[in-house]
Amino acid sequence: MAFGKKALGDPNLMRQIGGGRSPSLRTADRVLACIAEQDGASGGGRDPPRRP
């Protein structure tokens, strides 16, 4: 719940994806941007995810 709320303002996001919802490309981009932001803030040292 917390990740979906933080990334998109949707507390049900992860439950819906787990239930079979297919996110749009725009939604996926926003999720990936949130993950990359968190990795950068934590000093994760990984490159942000890239879409082909």
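Residue numbers run from 1 in the order of the sequence given.
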*asked:* The criterion is side chain to side chain contact (heavy atoms under 4.5 Å, CB included); which residues satisfy it with Ser24, sequence neighbours excluded?
replied: Arg26, Thr27

_Taking every non-hydrogen atom, the tightest pair across Pro23 and Ile17_ = CG-CD1, 4.3 Å

*asked:* Just verifying a value: how many Å separate Lys5 NZ and Leu13 CG, rounded to the nearest 0.5 Å?
replied: 12.5 Å

*Not counting sequence neighbours, which residues clear salt bridge (charged side-chain N to carboxylate O under 4.0 Å, His left out) with Arg21? List them please.*
Asp10

